[in-house]
Amino acid sequence: MSNDQVEWTGGCFCGALRYRVTTEPQLKAQCHCRACTHISGGGVNTFMLIPPGGFAWEVGEPARFQHPESQRAVERFFCATCGTHILTQRGGLEGVVLKVGTLDAPEVFGGPSIAIFCEEGQAWHNVPEGVAAFERSPPG
Ligand SMILES: [Zn+2]
Ligand SMILES: [Zn+2]
């Protein structure tokens, strides 16, 4: 299933950054960790993992940020004009972690299959019924 072709587009809120996704995501999830809660504005971070080669920037050059003090710091790619955070990349992981709200048609996401880092979540965070919840990363 991971080689299925898709044709999804998206971008930041102001339109300075545009991207294209051409490969079915490997993973659909929501993350409750403190960093995701902080950056999302208070909610969970809803994302999908796009395999290597399945994501390409089409318009604009994203700004980048990596927290200097966080142990599991990822590199964050965002729009320098409007601030929309579009994706993260982690050392050792070749794919990109794409925030589904930046898709032109977020409904293609269809919902997460797992919830991760629930032990850091807030009381108002919800895990949809039928979605497997993990205290931290899923085993394996
Ligand atoms: Zn923008
Ligand atoms: Zn997180």
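Note that ligands are numbered from 1 as they come in the structure, with each ligand's atoms numbered from 1 the same way.
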Beyond-backbone contact of D104 with R18, side-chain heavy atoms, under 4.5 angstrom:
yes

Can you check whether I86 reaches F77 side chain to side chain, under 4.5 Å on heavy atoms?
no

Is H32 close enough to the Zn ion (ligand 2) to have an N, O or S atom under 2.8 Å?
no

Where the Zn ion (ligand 1) is the corner point, what angle links SG of C12 with SG of C14, to 10°?
110°

Just to confirm my numbers, could you give the angle made at the Zn ion (ligand 1) by SG of C79 and SG of C82, rounded to 10°?
110°

For this output row, return yes or no: ring centroids of Y19 and F55 closer than 6.0 angstrom.
yes

Salt bridge between R34 and E120, side-chain N to carboxylate O under 4.0 Å?
no

